[in-house]
Amino acid sequence: MSLVSTRFLQPGRRPLSPGSRAGLGAALVLLAIVSAVEAADGRWAHYVALLAAVPFLAAALASWSVVLGVGVGATVVGAAFALVEPKMSLETSVSVFGVALATGLAVAVTSVRQRQAEQIVELTRLASVAQQAVLRPLGPQVGTLSVAGRYISSTATAEIGGDLYEAIDTPYGVRMIIGDVRGKGLDAVRLASIVLGSYRHVAYERADLRAVVADLDRAVARNVGDEDFVTAALVEERGGTLTIVNCGHPPPLLLRRGAVIPLEPPAPAPPLGFMPVVRPRVERLEPGDRLLLFTDGLGEARRDGEFFPTADRAWRLLGHGTVANGLASLETALIEWVHGRLDDDIALVLMEYVGARTGAAAAVPSWEVGAAES
């Protein structure tokens with residue numbers, strides 16, 4: 001079999017795509033049926049005009065070269081039936097010409113379809129590059145943390161929306177952000193990229209997370225309308241001390257020894273764009289602790305009016321294996337729960353504290369750094 005295959009697949013010639021094979025097969029079947037009917041009808045050609053459907057049938061799936069091949073074949077078959085007539089009629093001649101004309105039209109249509117398909121492939125590739133530029137892959141290790149991120153799109157036509165996340169190792173510890181832009185579409189993607197671009201800069205420059213929030217708030221306010229905003233939660237791990245500030249975002253979930261603890265903020269604060277005044281929440285981490293950051297698409301996922309039980313199932317799904325495995329388990333359970341239909345995009349970040357670095361400095365939360373240095 002391998003010898004036979006190598007004879008047909010000459011060097012430099014690629015095999016037909018599945019679509020071309022399907023189009024070629026369907027066209028050849030139709031060509032065979034019309035030929036059989038015409039042969040059984042006698043010496044007069046009555047069904048040659050039906051051969052014009054052969055190239056158009058191939059054009060639905062196959063490449064232009066395949067369409068041209070089957071079209072030429074159909075034209076030759078039609079001409080053969082015309083030549084065996086006792087006296088070639090005008091109707092038969094017109095039918096053969098029609099098959100040739102149909103072949104040319106089918107090739108033109110296929111060429112246009114192929115160019116459009118190539119443009120779509122290129123746009124998809126560019127969208128993938130843009131997604132990687134906006135939402136860079138996380139982990140697997142950022143500072144002392146094992147980190148994984150996951151973006152679950154609610155539509156098949158877009159891989160990225162207004163949800164955002166980032167985790168970077170800064171002089172002030174590992175800092176993470178997760179956020180959700182109000183709205184959808186290109187405007188939401190644009191604002192998400194603005195927030196992430198600003199965050200990637202100020203997270204290295206500001207010692208206090210509250211100053212980071214203030215800078216991000218100004219960046220959002222300069223680029224949105226009166227009713228637009230971005231909910232966000234910012235997290236910093238420094239020497240085993242976890243500091244969280246929350247701007248109208250769902251509270252992160254702390255997974256510790258089988259328990260799931262929502263880390264509610266000390267006081268509510270509005271989203272970015274509404275001048276939030278945040279109060280930090282500080283927790284002492286233990287080796288093995290995991291923290292789940294998520295956008296509200298997870299909290300709103302439901303079937304038959306029943307919401308996905310995130311807190312009840314979080315430890316069972318996220319508490320074992322690597323953090324990447326945990327997010328994969330959560331996504332699988334979530335998609336199964338909603339039967340594959342999500343109403344909103346979901347961004348997920350899961351981190352695990354593996355212990356402080358050897359010889360690390362004493363833990364000082366970012367909001368105390370200025371006071372400690374003065």
Side-chain angles (χ1 to χ4, degrees), residues 130-131 133-136 138 147-155 157-168 175-200 202-203 209 212-235 244-253 262-265 268-276 278 281 291-302 307-308 310-311 314 327 330-331 334-335 338 341-351:
Q131 179 188 20
V134 176
L135 289 182
R136 300 182 301 197
L138 298 185
V147 180
R150 210 168 186 90
Y151 195 99
I152 307 174
S153 177
S154 60
T155 62
T157 56
E159 295 183 358
I160 186 173
D163 292 12
L164 57 99
Y165 55 72
E166 182 60 289
I168 50 181
R175 287 180 164 177
M176 296 180 287
I177 184 174
I178 190 162
D180 189 357
V181 177
R182 178 186 179 273
K184 296 181 185 248
L186 293 178
D187 288 339
V189 176
R190 180 184 63 85
L191 185 53
S193 66
I194 290 172
V195 172
L196 284 174
S198 299
Y199 177 76
R200 287 164 182 159
V202 300
L209 278 183
V212 175
V213 168
D215 287 342
L216 295 180
D217 177 68
R218 286 190 290 270
V220 171
R222 285 192 298 264
N223 291 279
V224 299
D226 294 337
E227 297 182 356
D228 295 324
F229 56 84
V230 180
T231 67
L234 285 76
V235 176
I244 305 170
V245 293
N246 196 313
C247 305
H249 199 77
L253 299 180
L263 300 183
E264 300 281 354
L272 299 174
F274 291 150
M275 295 184 292
V278 294
R281 173 165 181 164
L291 187 73
L292 175 66
L293 310 175
F294 58 94
T295 53
D296 59 6
L298 178 62
E300 295 173 357
R302 59 187 179 273
F307 291 97
F308 181 73
T310 303
L327 288 186
L330 176 60
E331 179 180 1
L334 177 66
I335 297 301
V338 299
R341 294 188 297 270
L342 289 170
D343 296 328
D344 195 7
D345 293 355
I346 301 173
L348 303 169
V349 176
L350 182 64
M351 73 88 168

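On a predicted model such as this, the values are computed, not experimentally measured, just so you know.
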Closest heavy-atom pair and its distance - Gly299, Phe307 = O-CD2, 3.2 Å

Hey, what do you get for CG (Leu342) to CD1 (Ile335), rounding to the nearest 0.5 Å?
-> 4.5 Å

Could you pull out the closest heavy-atom pair between Ala269 and Val278, with the gap in Å?
-> CB-CG1, 3.9 Å

side-chain contact (heavy atoms from CB on, under 4.5 Å), paired with Leu291, selected from Leu350, Leu263, Leu253 = Leu263

How many angstroms lie between CG in Asp217 and OG in Ser198, if you round to the nearest 0.5 Å?
-> 11.0 Å

When rounded to the nearest 0.5 angstrom, what distance separates CD in Glu166 from CD1 in Ile177?
-> 9.0 Å

By side-chain contact (heavy atoms from CB on, under 4.5 Å), Asp215 pairs with (sequence neighbours left out) Val202, Arg206, Arg218

Grab the two heavy atoms, one from Leu138 and one from Ala167, that are nearest each other, plus how far apart they are.
-> CD2-N, 3.7 Å

Where do Met176 and Val349 land on the side-chain contact (heavy atoms from CB on, under 4.5 Å) test, with the steps shown first?
-> CA-CA 9 Å; Met176 296 180 287; Val349 176; 4.1 Å; yes

Heavy-atom side-chain proximity of Tyr199 to Ile168 below 4.5 angstrom = yes

Please lay out, stage by stage, how Leu292 and Leu327 fare under the test side-chain contact (heavy atoms from CB on, under 4.5 Å).
-> CA-CA 9 Å; Leu292 175 66; Leu327 288 186; 4.1 Å; yes

Between His249 (side chain) and Pro271 (backbone), is there a donor-acceptor pair under 3.5 Å?
-> no

Scanning both residues in full, the closest heavy-atom pair of Ala192 with Gly162 reads CB-O, 4.1 Å

With Asp296 as reference, evaluate Ile346, Asp180, Asp345 under the side-chain contact (heavy atoms from CB on, under 4.5 Å) test and give the passing residue.
-> Asp180

Approximate separation, where rounding is to 0.5 Å, of Glu331 CD and Leu348 CG = 7.5 Å

For Arg302, the side chain to side chain donor-acceptor pair (under 3.5 Å) test, sequence neighbours excluded, returns none

Val220 and Ile194, any side-chain heavy atoms less than 4.5 Å apart = no

Rounded to the nearest 0.5 Å, what separation is found between the CG atom of Leu298 and the CD1 atom of Ile152?
-> 7.5 Å

Output for pair (Leu330 CG, Thr310 OG1), nearest 0.5 Å, gives 7.0 Å

Side chains of Asp163 and Tyr151 in contact at under 4.5 Å (non-hydrogen atoms) | yes

Can you check whether Leu234's main-chain N or O pairs, donor with acceptor, with Arg175's side chain at less than 3.5 Å?
-> no

For Cys247 and Leu272, work out which heavy atoms get closest and say how close.
-> SG-CD2, 4.0 Å

